Structures are given as C-alpha cells and as structure tokens.
Peer 1: 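I'd like to ask you about the structure that follows.
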There are 2 protein chains.
Amino acid sequence: MASDHTRSAILAAAERLYADRGFGDVTLRDIVAEANVNLAAVNYHFGSKDELIAELFVTRSIATNRERLRQLKAAEEQGGGRAPIEVILHALVGPPLRGCLGPENQRSTAARFMIRASIESVPPIRRIKNREIDHLRKFVGAMRRSLPDRSHVDIYWGLNFALAMAHHTIRESERLTKLSEGQCDLDDVEDVVARVVSVATMALTAGKVEAKAPSRLAAR
Amino acid sequence: MASDHTRSAILAAAERLYADRGFGDVTLRDIVAEANVNLAAVNYHFGSKDELIAELFVTRSIATNRERLRQLKAAEEQGGGRAPIEVILHALVGPPLRGCLGPENQRSTAARFMIRASIESVPPIRRIKNREIDHLRKFVGAMRRSLPDRSHVDIYWGLNFALAMAHHTIRESERLTKLSEGQCDLDDVEDVVARVVSVATMALTAGKVEAKAPSRLAAR
DNA sequence: GATAGTTTCATACAAGTGTTTTAATTGCAA
DNA sequence: TTGCAATTAAAACACTTGTATGAAACTATC
C-alpha cells in the first residue's frame, strides 16, 4: 500500500517532460527533479526507465482502444451485428484524432505526450504498438461484416489507409499547417475526422481497384 | 583531394549498420569497426556524428526528390502545362515507394536505410525533413493547375493524405503484412503505388467533401 | 629529397547515462 | 514500544557516448 504519492508524482512529471521536450533529451534526473523525488525512486517503483515509459504509453493507449471498441460495439449492436462502414471507420480514427488534435493551447498533457510518442517512436513504445494487432483484427472483422462483398485484401488496405491518414495527420500536423499557411484548420477536429472517414470510405467502397492489372501509369 | 577512400568507407558502413540495427544502437565505434577505419576519422571527415547521418539522409532524399520533379516536369510538359491529377500523384508517391518497398531480400542498403529513417526519426533527419516544404509546394502548384476548381484547402488535404498513405505504408509495411497474414503483397510495388494513387485521386476529385457541415456521425 | 599539407592513429577526455548499493527513515501491526 | 516491512535517500558504480588532442605516417609539390 503506502503512499503511492511518489509513484504518481513520477508519472505526472515524466509525462509532462516527455510531452514538452521529447524522449530524446529528458533524463531520469530531469524527471526526478521535476517530481521532487529521489533518483532511485524510479527504479524502485517501475523497475527501469523503459518500463516507466511503457506504463505511460500503455495507460493512454488502452484508453483510446477502449473508446474505439466501445463505439464499435455500440454501432454493431444498433445495426444488428452489422454497422455502416463510415461508422466503423469513425470509431477507428475518431478517438486517436480527438485525443491528439484540437486547439494547441488547450491540449492536455496526455495529448501532447501521445503526439510525441507517435513522432519519436522509442523502443519500449514500439514494442507495445506491435501488440496492437489483435485489437485491429476486431475492426477487420467488423469491416468484413459491413462489406461482405469486398475482398479481404481490399479491407486490409482500407484499414491501412485509414490509419495512415489519421496517424500521419497527427504526426505531421505542424507541417500541414505550415504548408497550407494556416488554411487547413487542424483545430476543428471533427472536420478532420470527417475528412479521413470520407476518404477511407471511398477507398473501401469505390468500384473495385483495377486489381493487379499493371497500371498504364506505371513508373517511367 | 587524397584518397577519399576512408570517407566513403564510413558512409557505406554507417548506412549498412543503421539500416540493419537502427539509429538507436549503432555507435561511432561500431561504424568505424565495420569500416576498418580509426575512430577519429568520423569527426575529421564529417565534423560530427549528426552531420554524418545528415549527409546519408540528404543524399538519398535528394535522389528521390529529383526523380519526383523529373516525373512531374515531364508530365506537365506533355500536357501543355497541366497534368492529370493521377500522374501528378504518381510522381509524388511513386519514387519513395519504389525506393523503399519491393522484395525484402533484394532491397538495397539505401532502401533499408530510408525505411529506418522514416521509422525512427532522429533529430538531424527531422531537421532536414522540415526543409522539404518548398519541394512540396511545387506539387501543390501542379495540383492547382490540374484541378483549378478545387479549393486550396482540399488540395492541401489531398496532398497530405497521399503522403500519409505512402509513408505509413512504408513505415508499417511489416505490420500490414502480419495483420493480413501475407495477403497484402507489399513486394508488388506498382500495385501499392496504384492503390495509393487511386485513393488519393478519389480524395481529390470526389464530390466536394461535405464541407464543415458537422457530420451527423460526430462522436458525441 | 626536403617540405608543407593532408590524413591517420592511439589515446585521453569529459560528461552523462541508467542502475545498484547500502543505510536511514518511515509507517503500521502486534 | 517493539519489530518488521516498505519506502526514501545519498552516493557511487559501471559504462558508454561523442569529441578533442597531438604525434605519426603519408602524399604530392617543388
């Protein structure tokens, strides 16, 4: 039992520092200074620096995934076991986008931390992301039920592209803002979500991709 | 003048090691051992470790961008100053995809290096990527000429999504293969390119996105 | 073949890292 | 209070890192 106070002080300080300065240049000494605890406390409570980072990331990513599944389940129940593809995609990309974007000055520490995590990709986090496949399979299942005529391969590609657009937009939001000179409003999260869902839906429902027929545009 | 041999031996060794083991756990000592040169040679020839990494990345990324622009220019000239959007997108995403994907066992060191660079994102490389905006503006220009009726914002989003799909597919190719249990053939690069171009084209040409009309799917 | 400029080498440096150790302290139960 | 476990604390440990130094070896020019 005991205080537990030290433990959460470390978590909070670490999240804040990582969010602000990235994983690259935040040391354990920075963290314990910010948290006003002793250096050894990190290893005592978490075992190692990597496990501390992992715990931070897991906590946030579990929250996102839980919300995703909640929305997915609700949608499928409402549709009698089969949800519209837009709604499925919405459940897939909405939570992470909502968790990371939005007006910069009102972004939570957690949000900024997750943005960092998606930009920098440090080993303990990569390891966790690799275990996310089971979670994605649930969406594959729902998408198959929603689009029974679509080939499995097309489904996988559609899922891949949906995640691509969401994650890339999070990770490169700054660049898109700069490129568009502020014309793309990344603070309007629901608009971003709608755009991603709309394109991903098209990708999944448009007339069959010209299969493997070697595109006449091919290279050269 | 002089030999120049040491310099290129370092470049080659570094590229190989970074490609194989990532930036995280390759030290200068690993590199000089692999290259059979003295430790001090790196600082002598490149100034610092970061500048070595930067030179590696710049070399490869200039090659990609040059090829992109070559294709873009050719397409616009052929079309009298206005190229079809598919061809523009093809010039945008084709070179990086071709440079990174393809049968794993015949991937060049350069290709594997670029994959690493897109996965790990180390400071010197991030700095270079941030200067890529001018390059992208050339594509924005071509896209505007190709789709004069499309709003600038839609163009930016289309470009963003095209890059998103290409880069994410490179970066997460392993995961997609695993998720699809090998059914998505990432070795067939031209098929991948065609898929990305096809979806990006739809994103840019489909009936106007329901603007900012708050989607009825909006979360809650 | 001496000389000036370049390149290589062995080695030292200085700083920073996560982790361990060992002892002191605290908090709680008997 | 006493005893015992959980927690905190200070310090040192053990390494690794990139970089700097200064002498040696080489190379080409005159």
Side-chain angles (χ1 to χ4, degrees), chain A residues 1-58 113 116-117 120-128, chain B residues 1-58 113 116-117 120-128:
Chain A
M1 311 292 100
S3 72
D4 214 34
H5 162 277
T6 302
R7 202 185 139 86
S8 38
I10 293 174
L11 284 171
E15 187 168 56
R16 212 173 324 140
L17 288 178
Y18 284 142
D20 287 344
R21 295 159 34 192
F23 297 99
D25 39 300
V26 171
T27 71
L28 285 189
R29 284 168 176 81
D30 293 332
I31 294 171
V32 299
E34 176 85 1
N36 279 308
V37 302
N38 186 272
L39 175 58
V42 173
N43 285 278
Y44 178 78
H45 285 284
F46 300 91
S48 72
K49 183 196 191 183
D50 278 9
E51 290 174 83
L52 165 61
I53 294 177
E55 175 158 340
L56 279 171
F57 183 73
V58 164
F113 174 83
R116 279 288 179 198
E120 285 195 29
S121 156
V122 71
I125 290 182
R126 263 202 299 278
R127 277 192 284 273
I128 294 164
Chain B
M1 307 300 99
S3 72
D4 215 33
H5 164 277
T6 303
R7 202 186 141 85
S8 38
I10 293 174
L11 284 171
E15 187 168 56
R16 210 173 324 138
L17 288 178
Y18 285 142
D20 287 344
R21 297 163 26 196
F23 297 97
D25 41 303
V26 171
T27 72
L28 285 190
R29 285 169 175 80
D30 294 331
I31 294 172
V32 299
E34 176 86 359
N36 279 308
V37 302
N38 186 272
L39 175 59
V42 173
N43 286 278
Y44 179 78
H45 286 282
F46 299 92
S48 72
K49 182 195 191 184
D50 277 10
E51 290 174 81
L52 165 60
I53 294 177
E55 175 158 339
L56 278 171
F57 183 73
V58 164
F113 174 83
R116 278 288 178 198
E120 285 195 29
S121 157
V122 70
I125 290 183
R126 264 202 298 278
R127 277 193 286 272
I128 293 164

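Numbered from 1 within each chain, the chains take letters A, B, ... in sequence-line order. On a predicted model such as this, the values are computed, not experimentally measured, just so you know.
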Peer 1: For A:Arg29, enumerate each residue passing the side chain to side chain contact (heavy atoms under 4.5 Å, CB included) test, keeping only those at least two apart in sequence or located in another chain.
Peer 2: A:Thr27, A:Leu39

Peer 1: Apply salt bridge (charged side-chain N to carboxylate O under 4.0 Å, His left out) to B:Arg127 and list each qualifying residue two or more places apart in sequence or on a separate chain.
Peer 2: B:Asp50

Peer 1: Are B:Val32 and B:Asn38 packed together at the side-chain level, in the sense that at least one heavy-atom pair is separated by less than 4.5 angstrom?
Peer 2: no

Peer 1: Rounding to an integer number of Å, can you tell me how far A:Tyr44 OH sits from C:dA24 C1'?
Peer 2: 14 Å

Peer 1: Mind running a 4.0 Å heavy-atom check of residues 14-22 of chain A against DNA chain D and sending the residues that fall below it, in number order?
Peer 2: none

Peer 1: Grab the CG-C1' distance between A:Asp25 and D:dT17 for me, whole Å please.
Peer 2: 15 Å

Peer 1: Roughly, in whole Å, what's the span from CD1 in A:Ile53 to C1' in C:dG18?
Peer 2: 11 Å

Peer 1: Indicate whether OP1 or OP2 belonging to C:dT8 is found under 4.0 Å from a side-chain N or O atom of B:His45.
Peer 2: yes

Peer 1: What pair of heavy atoms forms the shortest contact from B:Ile53 to B:Val122, and how long is it?
Peer 2: CG2-CG1, 4.3 Å

Peer 1: For D:dT8, does OP1 or OP2 lie under 4.0 Å from any side-chain N or O of A:Thr6?
Peer 2: yes

Peer 1: For B:Phe57, enumerate each residue passing the ring pair (Phe, Tyr, Trp, His ring centres under 6.0 Å) test, keeping only those at least two apart in sequence or located in another chain.
Peer 2: none

Peer 1: Which residues pass the side chain to side chain donor-acceptor pair (under 3.5 Å) test with A:Ser48, not counting sequence neighbours?
Peer 2: A:Glu51

Peer 1: Return the set of residues passing ring pair (Phe, Tyr, Trp, His ring centres under 6.0 Å) with A:Phe46 (not counting sequence neighbours), or none when no residue passes.
Peer 2: none

Peer 1: Would you please name every residue forming a side chain to side chain donor-acceptor pair (under 3.5 Å) with A:Asp20, sequence neighbours left out?
Peer 2: A:Arg112

Peer 1: Could you tell me the separation between the CG atom of A:Asp30 and the P atom of C:dT17, rounded to a whole number of Å?
Peer 2: 7 Å

Peer 1: A side-chain contact here means heavy atoms from C-beta on lying under 4.5 Å apart; do A:Glu55 and A:His45 qualify?
Peer 2: no

Peer 1: Output one line per pair: protein atom, nucleotide atom from nucleotides 19-22 of chain D, and distance, for all N/O pairs under 3.5 Å.
Peer 2:
{"from": "D:dT19", "atom 1": "OP2", "to": "B:Asn43", "atom 2": "OD1", "distance (Å)": "3.4"}
{"from": "D:dT19", "atom 1": "OP2", "to": "B:Lys49", "atom 2": "N", "distance (Å)": "2.9"}

Peer 1: Using a 3.5 Å limit on both pairing distances, list the dot-bracket string of DNA chain C from the 5' end; Watson-Crick and G-U wobble pairs count, crossing pairs take [ ], interstrand pairs take |.
Peer 2: ||||||||||||||||||||||||||||||

Peer 1: Residues in salt bridge (charged side-chain N to carboxylate O under 4.0 Å, His left out) with A:Glu34, at least two apart?
Peer 2: A:Arg16

Peer 1: Report yes if at least one side-chain N or O of A:His5 is closer than 4.0 Å to OP1 or OP2 of D:dT8; otherwise report no.
Peer 2: no

Peer 1: Using the ring of each side chain (for Trp, its six-membered ring), is B:Phe113 parallel, tilted or perpendicular to B:Phe23, with breaks at 30° and 60°?
Peer 2: perpendicular

Peer 1: CD1 of B:Ile10 versus C1' of C:dT7: gap in Å, rounded?
Peer 2: 11 Å

